[in-house]
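Notes follow once the structure below has been shown.
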Amino acid sequence: MQDKYLPADIERAAQQHWDSTEAFRVHADAARPKYYCLSMFPYPSGKLHMGHVRNYTIGDVLSRFHKMKGFNVLQPMGWDAFGLPAENAAIQNGVPPAKWTYDNIAYMKQQLKSLGFAIDWRRELATCTPEYYKWNQWLFLRMLEKGVAERKTQVVNWDPVDQTVLANEQVIDGRGWRTGAVVEKREIPGYYLKITDYADELLGDLDELTGWPERVKLMQANWIGKSTGVRFAFQHDIAGDDGQPINDGKLWVFTTRADTIMGVTFCAVAAEHPLALHAAKGNAELAAFIEKCKHGSVMEADMATMEKEGLPTGLFVTHPLTGKQVEVWVGNYVLMSYGDGAVMGVPAHDERDFAFAKKYDLPIEQVVALGDKAYSLDAWQEWYGSKDGVCVNSGKYDGLNYTDAVDAIAADLAAQGIGEKKVQWRLRDWGISRQRYWGCPIPIIHCDSCGSVPVPDDQLPVVLPEDCVPDGSGNPLHKRLDFLHVDCPKCGKPARRETDTMDTFVDSSWYYARYATRFGADKMVDEETDYWMTVDQYIGGIEHAILHLLYSRFWTKVMRDVGLVTYREPFAHLLTQGMVLAPTYFRELEGGKKEWVNPSNVTESVIGGKRYAWVQNDGLNFGETNLVEGRGNQSKIRISASKLDVIRDDDEHGKQSVVIVAGDRVQIGGVEKMSKSKNNGVDPEALVKQFGADTCRFFIIFTAHPEQSLEWSDAGVEGAYRFLRRVWSFGHLFASEIRGQIGAQRQLAGAKLPEDLTAFRREIHLLLKQANYDLGKQQFNTVASATMKMLNALEKAPRQGALAAETIEECFGILLRVLSPLTPHISHALWLDLGYGEDILKAAWPEPLDAALVQDEVELMLQVNGKLRGALRVPADAAKDAIEAAALAHEATIKFLEGRAAKKVVVVPGRLVNIVG
RNA sequence: GCCCGGAUGGUGAAAUUGGUAAACACAGCGGACUUAAAAUCCGCCGGCGCAAGCCUUACGGGUUCAAGUCCCGUUCCGGGCACCA
């Protein structure tokens, strides 16, 4: 074997071996237990970043570990290939999204292959291919038939200059990202999937997901947001244009705080509410306000933080229980698309209403009391919103607690026929229509006589033309007459294809099932999925905790109801990988636009306590010096660059620091997850080239707990490389000096080892025990530490004589196998070269031997009054009394008790003794 | 704003889930080898203190024989908030 560690050669050979033996190609085999290990597939943004490497290394560690444990392991890979970045790239470079996407896939696939993942590439899929998205369309049609899909109106961000719909991401400070125009809200038709029909089941089945992190289930439960409340109406006789009362004379609202109904002092309706529109007819100020409400964001975060504004309509409705007249206001914070587009205002007990009432000088009437706390109108206090109080100033409801008051009030409203208890969900239906080109076409044909007609199954897929180049001004499909013009499937007259495409979350909602289907099957899923599904282990970023996972769960339940599958949940175990973060940098362009600069091109320095950053556009020198009282030694700095920038700053001692920067100054943004849109992805390629895939894999596993977010830094990667070099050297030493000492007959089993060999062997088996325990917890960073500790022990172990050589053979074999899921290439090479076996993939996973773990004596910590004062060696089987006696007699005990008697002795077996005195 | 997380040496982190805080590494410092450099090996490495010892897990309280770990409150950072994926 080579005496030097040459990762490039080793990795090429190992990968060729896996390719030629089709090591990771798997098929259903009912005789073997299966393990379906799935990592979230990547968006083909152009290059891998460290977030991908982390995700797929974790998946690969689990896959290889389970393979050695004897499971039939499926680990597939594919591409979430539709989406916005391809259109942005087209706008920038004029390349069709299809070409850009396929080029990126080819590049990233080769990057993935260089990392040596145990992937069954035969099952690779890309969601932008008609073979895949045909089934999006097919199931969508089934949903239409079942009434799970329906067409209604949606509110979108509208750029009035580009005449196009904007994604939330494309709205910056309320303006279009390209045009800078103030964005408007616009209502347009679109298709919805009725996920709310499944709300109860999606919530209830969370209990079945015992392999999911609690926090993810909690987030999903909060998102679904089941709450019981009361829906009731304020009555009125406000007549519309037709002379009839608007909405039958009822203003419906929903509340979870019906117990505060006696504290209602106003109502607020959305700008689009019929009462608002009616009042605006004779009121120019109100009409202008309603118009203003149409501008601004549709995002919840913006709605929640924006200044709450309103105007009175001059209209009054009747309180259903007091009969009082209540004024109706229009509020910018009330959304027509939520509930009935109207809310009751109880300023005394709702923080938002409180602020609104203070701002517009509306009455505030306390109707809930908590203990003897005094209510004051000066400022909002936390307890005002509490459900733990009792009703006051509420007539017959006085003294009732929350539950009783809600029950009584709901009953009284029901008796009048204008209200009832209602379960309300926070979850809204899933709008899937996107006014965008690079997505799966929605299979609908619009006919003047027949309306919206589903495309017949035998005409699927509706194929997206792949040669369009979006320019930012709307969907290019509008200009594609060959796509647009089609005959109506019903009446045969000329009709028009739907140009909206599907949300890309549709694509990712069922790809896991397609992987498990025989390649090229002309069915959405086939019998093979019954073997592989459900996914045993799903791995992906915590940022997908809600939307992607919830949509996938919903989609699974729809497939079940259509009769395609029998399982009700797609993912049995979920590992939410922490995100890989990196700093962001940007240049501000005119119009507030930001151009994001990759961190690899940026240098940072701290000057006078402030951080500065710049791009080294020439890759040349910059200098740094301290000016003391204005006199510096700048003559030593050599600068050559096209652009210089001098930064001066005083530190707290009045010393002036100066940095002369060769390059463009950039602004420092936050530390955020690596993404295409913020251009802060760090490409692993340089690391792989310099140190090899094993080092890269080992380092990213070693550097943090898988669930913890990680600010990327490659400081320390040399340490991982050094470690693997030492592993290789030890292998070389074993081959050249140690292995030869082993006799013809193995004698380790049953042999009585000398003390130093016993201790060494025990240490390795103890580390193995810890590593196996940590693998079970999916804490891989400490598995990596354990392998380093094993090597430290191996290097120090006695190596003379047959028994020592045999012990080292056993222990190095353990190290190679524990290491192999993390660094498969070097493990493969050493296993083969040192004669352990043909293929480490087929080796059995090691288990610690009880015989190697036994010990005669243990060390206990000795505490006096909870402070560590000494240590105690006792026989491993010592009785509690004997330990107590030994502890009390210990010199540290006598010293720190200072003559006091021991009041209490706490003995924790195997760990410590605490003497309280 | 709301929901979910996180914070431990100069740095990444560990701590058998309430029981020796800082394992394992990185960086740094000192030494060996070398003509020299690289590589490698050995030693030191939370703070204060000559020492005995005291202090230390974002901050402030609490529970406990014992708290990084549990409870209450606060600050800062990250993720999600329905058209980024």
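Note on naming: letters A, B, ... go to the chains in the order of the sequence lines (proteins, then strands), and numbering restarts at 1 for each one.
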**Asked** Which of parallel (below 30°), tilted (30 to 60°) and perpendicular (above 60°) describes Tyr56(A) and His52(A)?
**Response** parallel

Between rA58(B) and rA67(B), how far is it from one P atom to the other, in whole Å?
15 Å

Residues of residues 762-771 of chain A with a heavy atom under 4.0 Å from any atom of RNA chain B, listed by number, are none

Quiz item: Which part of the nucleic acid, if any, lies within contact of Leu427(A), taking any heavy atom under 4.0 Å across all strands shown: a base, the sugar-phosphate backbone alone, or nothing?
Solution: base

Review point. Within the structure shown, what part of the strands sits under 4.0 Å from Lys903(A) by heavy-atom distance: base, sugar-phosphate, or nothing?
Key: nothing

Comparing nearest nucleotides in RNA chain B, the 5'-proximal residue of the pair Met861(A), Phe505(A) is Met861(A)

Side-chain contact check for Lys673(A): nearest option of rA85(B), rU20(B), rA82(B) is rA85(B)

Taking atom C1' in both rC45(B) and rG30(B), compute the distance separating them and give it to the nearest angstrom. 11 Å

Note: for Asp80(A) and Ala786(A) on RNA chain B, the residue whose nearest nucleotide lies more 5' is Ala786(A)

One should report the stems of RNA chain B, each a stretch of at least three consecutive Watson-Crick or G-U pairs at distances under 3.5 Å, as B:1-7 with B:75-81, B:10-12 with B:24-26, B:28-32 with B:40-44, B:46-48 with B:53-55, B:58-62 with B:70-74

| request: Assess the side chains of Asn88(A) and Arg178(A): does a donor N or O sit below 3.5 Å from an acceptor N or O? | output: no

task = Look at Lys895(A) and rG53(B) and indicate whether a side-chain polar atom (N or O) is within less than 4.0 Å of OP1 or OP2.
result = yes

Below 4.0 Å: OP1/OP2 of rG12(B) and any side-chain N or O of Gln708(A):
no

Syn within 90° of 0, anti beyond: rG12(B) is anti

Ring pair (Phe, Tyr, Trp, His ring centres under 6.0 Å) filter on Tyr551(A), not counting sequence neighbours, yields Trp430(A), Phe505(A)

Query raised in the report: Do Asp159(A) and Thr164(A) get their side chains close enough for a donor-acceptor pair, meaning under 3.5 Å?
Result: no

Among the nucleotides rU20(B), rG19(B), rG1(B), whichever has the atom closest to the side chain of Val908(A) is rG19(B)

Check: Has Lys217(A) got a side-chain N or O lying under 4.0 Å from the OP1 or OP2 atom of rC4(B)?
Finding: no

If the cut-off is 4.0 Å, is Arg722(A) near the phosphate of rA27(B), judged by side-chain N/O to OP1 or OP2?
yes

Note to self: Between the base of rG1(B) and the side chain of Glu300(A), is there a donor and acceptor pair under 3.5 angstrom?
What the structure shows: yes

Would you call the rings of His548(A) and His544(A) parallel, tilted or perpendicular, taking 30° and 60° as the class edges? perpendicular

- Query: What nucleic acid atoms does Arg434(A) come within less than 4.0 Å of, heavy atoms only: base, sugar-phosphate, or nothing?
  - Reply: base

Among the nucleotides rA14(B), rA82(B), rA21(B), whichever has the atom closest to the side chain of Arg428(A) is rA82(B)

Taken to the nearest whole Å, CG/Leu912(A) to P/rA21(B) is 10 Å

N/O contacts under 3.5 Å, protein versus nucleotides 60-64 of chain B?
none

Looking only at rA21(B), rA15(B), rG53(B), the nucleotide nearest the Phe896(A) side chain is rG53(B)

Checking rC55(B), rG79(B), rC26(B) against the side chain of Met579(A) (C-beta onward), the nearest is rG79(B)

Tell me if the side-chain of Asn914(A) makes a donor-acceptor pair with the base of rC65(B), cut-off 3.5 Å, by modelled atom types. yes

Residues at least two apart in sequence or cross-chain that pass side chain to side chain contact (heavy atoms under 4.5 Å, CB included) with Lys678(A), listed by chain then number, are Thr584(A), Trp596(A), Glu672(A), Ser675(A), Asn680(A)

Taken to the nearest whole Å, CE/Met788(A) to P/rA25(B) is 6 Å

Of the candidates rA25(B), rG1(B), rA14(B), the side chain of His705(A) sits closest to rA14(B)

Quiz item: Hey, does Arg215(A) have a side-chain heavy atom less than 4.5 Å from the side chain of Glu707(A)?
Solution: yes

Less than 4.0 angstrom between a side-chain N/O of Arg725(A) and OP1 or OP2 of rU40(B), yes or no? yes

Residue-phosphate contact under 4.0 Å: Thr504(A) side-chain N/O, rA85(B) OP1/OP2: yes

Quiz item: For the residue pair Trp712(A) and Phe699(A), does the interplanar ring angle fall in the parallel (under 30°), tilted (30 to 60°) or perpendicular (over 60°) class?
Solution: perpendicular

Of the listed rG80(B), rA13(B), rG79(B), the closest approach to the Met219(A) side chain comes from rG79(B)

Base orientation of rU17(B), chi within 90° of 0 counted as syn, else anti, reads syn

Looking only at rG80(B), rC4(B), rG1(B), the nucleotide nearest the Glu543(A) side chain is rG80(B)

Among rC41(B), rA13(B), rG12(B), the one nearest any side-chain atom of Asn781(A) is rA13(B)

Practice problem: For Ala545(A), answer base if it contacts any base atom (sugar-phosphate contacts may also be present), sugar-phosphate if it contacts only those atoms, and nothing otherwise; contact means non-hydrogen atoms under 4.0 Å. | Solution: nothing

Hits for side chain to side chain contact (heavy atoms under 4.5 Å, CB included) against Val343(A), two or more places apart or cross-chain, chain-then-number order -> Ala268(A), Val334(A)

Of the listed rG79(B), rG53(B), rA82(B), the closest approach to the Arg869(A) side chain comes from rG53(B)

